[in-house]
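Below is one structure, written out as structure tokens; the observations come after it.
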Amino acid sequence: MHRYRRLRRKELPIDTRELARFLIGKALVHDSPNGRMSGRIVETEAYGVGDAAAHSFRGMTPRNRSLFLEHGHAYVYFIYGTWFCLNVSGEAEGVGGGVLLRALDPAEGADLMLRRRPGAPLHKLACGPGCLATALGIGKRHDGVDLCAPGELWLGAPDRRWAPPSIGRSVRIGITKEAHRPLRFFERGNPCVSGPRGLLR
DNA sequence: TGCACGATAATCT
DNA sequence: GATTATCGTGCAA
């Protein structure tokens, strides 16, 4: 049985890029009505201040307002008519920025995740931001949730049995603006990381 | 293993 | 009306 401690807001860096790196190897936990689903965060991307690829770049709108909440809040958006994606806000209140969670290495509740992603092998259950949200049952109702407060969706400290990650860095995936900036972070050698093989260094 | 491509709808211009 | 921080399929090699 895994036992996680909730991360306190004080422990999170107040800087989107630092937070993206910090979150590799931490836990994401969803205590759903059907039971707990959790996993080790193995891939993130930073979308911070002054970044033309960030949803927050052009200021606050009804869609992106959660990115302007104090660091440690969830920003959930819907994309391509099909998928949800989960971000963690990364700046002080009123300053926009967020970390896109791209992949998890499933720990608890893989059976529950599999129910939402039938047929997926374990290493592809929560591989890619859309799949991650689907597997964990994350949707618009989680937009604006405080991930450091008591609630069903939260960030956890690493399980003590987990080895500390070796962290790799690369350009981000699926964007055209600011495409050259190395703002993607991932755990080296973890099979659950998404994206082309060429980006695995 | 590595691409090209279509599905699909909210959001913004 | 254009754009999009995606994914799964299909086809080539």
Side-chain angles (χ1 to χ4, degrees), chain A residues 15-24 28 39 41-69 71-91 95-106 113-145 147 168-187 189 191-201:
Chain A
D15 179 284
T16 301
R17 181 195 156 109
E18 281 182 39
L19 181 62
R21 174 176 269 273
F22 173 87
L23 286 176
I24 299 296
L28 178 68
I41 297 169
V42 296
E43 185 185 357
T44 63
E45 285 178 356
Y47 290 87
V49 177
D51 181 348
H55 287 184
S56 52
F57 185 64
R58 294 176 190 285
M60 199 186 301
T61 68
R63 173 172 76 145
N64 69 16
R65 66 190 142 77
S66 299
L67 282 174
F68 293 81
L69 296 171
H71 65 299
H73 285 75
Y75 164 53
V76 178
Y77 66 92
F78 191 56
I79 195 168
Y80 297 119
T82 313
W83 310 96
F84 290 99
C85 295
L86 171 65
N87 293 242
V88 182
S89 66
E91 303 287 338
V95 183
V99 175
L100 175 65
L101 301 187
R102 292 192 55 93
L104 294 185
D105 188 341
M113 300 186 208
L114 200 53
R115 222 176 277 173
R116 296 195 175 84
R117 304 231 328 114
L122 191 64
H123 69 282
K124 290 205 173 152
L125 253 188
C127 170
C131 294
L132 184 158
T134 299
L136 266 66
I138 289 168
K140 211 50 180 163
R141 70 187 177 285
H142 297 106
D143 186 38
V145 161
L147 299 173
R169 187 196 308 189
S170 81
V171 295
R172 295 172 290 183
I173 292 175
I175 59 170
T176 53
K177 298 170 199 155
E178 309 271 7
H180 65 285
R181 301 178 67 183
L183 292 171
R184 170 174 175 264
F185 301 92
F186 58 93
E187 177 174 326
C192 302
V193 173
S194 79
R197 285 285 166 88
L199 289 182
L200 286 181
R201 322 187 73 227

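It should be emphasised that the depicted structure is a prediction, and the values quoted were computed from it without experimental measurement. Sequence lines set the chain letters: A, B, ... in the order given, protein chains first and strands last, and positions in each chain run from 1. Just so it is clear, the values below take in all heavy atoms, side chains as well, and ignore hydrogens, waters and symmetry mates.
- The main-chain N or O of Y80(A) is found under 3.5 Å from a side-chain atom of T82(A) such that the two form a donor-acceptor pair.
- Side-chain proximity of Y47(A) to dA5(C), dC12(B), dG8(C): nearest is dA5(C).
- As judged by a 4.0 angstrom heavy-atom cut-off over every strand, I175(A) is placed among residues touching the sugar-phosphate backbone only.
- At the heavy-atom level, N87(A) lies under 4.0 Å from base atoms of the strands shown.
- With contacts defined as side-chain heavy-atom distances shorter than 4.5 Å, the pair Y47(A)/I175(A) qualifies.
- Between the CG atom of L67(A) and the P atom of dT11(B) there is a distance of 13 Å, rounded to whole Å.
- The aromatic rings of H55(A) and Y75(A) sit perpendicular to each other, their planes meeting at more than 60°, with 30° as the lower class boundary.
- N87(A) has its side chain out of reach of V99(A): every pair of non-hydrogen atoms, C-beta onward, lies at least 4.5 Å apart.
- Rounded to whole Å, atom C1' of dA5(C) lies 15 Å from atom CG of D143(A).
- Comparing atom distances between the T82(A) side chain and each of dT8(B), dG8(C), dA5(C) picks out dT8(B) as nearest.
- Pairing for dT8(B) is absent, judged as Watson-Crick or G-U wobble with the two contacts each under 3.5 Å.
- You'll find the side chain of E45(A) stays beyond 4.5 Å of the side chain of F186(A), heavy atoms only.
- Between W83(A) and dT6(C), no base-stacking contact is recorded for ring centres under 5.5 Å apart and planes less than 30° from parallel.
- If you measure from atom CG of L132(A) to atom C1' of dC7(C), you get 14 Å, rounded to the nearest angstrom.
- Minimum atom distance to the side chain of F78(A) is reached by dA9(B), of the listed dA9(B), dT6(C), dT11(B).
- Between dC7(C), dT8(B), dG8(C), one nucleotide has an atom nearer to the side chain of R117(A) than all others, and that is dG8(C).
- Relative to the side chain of R58(A), the nucleotides dT4(C), dC12(B), dT13(B) differ in distance, and dT13(B) lies closest.
- Here the nucleotide nearest the side chain of T61(A), chosen from dT6(C), dC12(B), dG8(C), is dC12(B).
- Residues N64(A) and I79(A) both approach DNA chain B. Their nearest nucleotides, taken by heavy-atom distance, put I79(A) toward the 5′ side.
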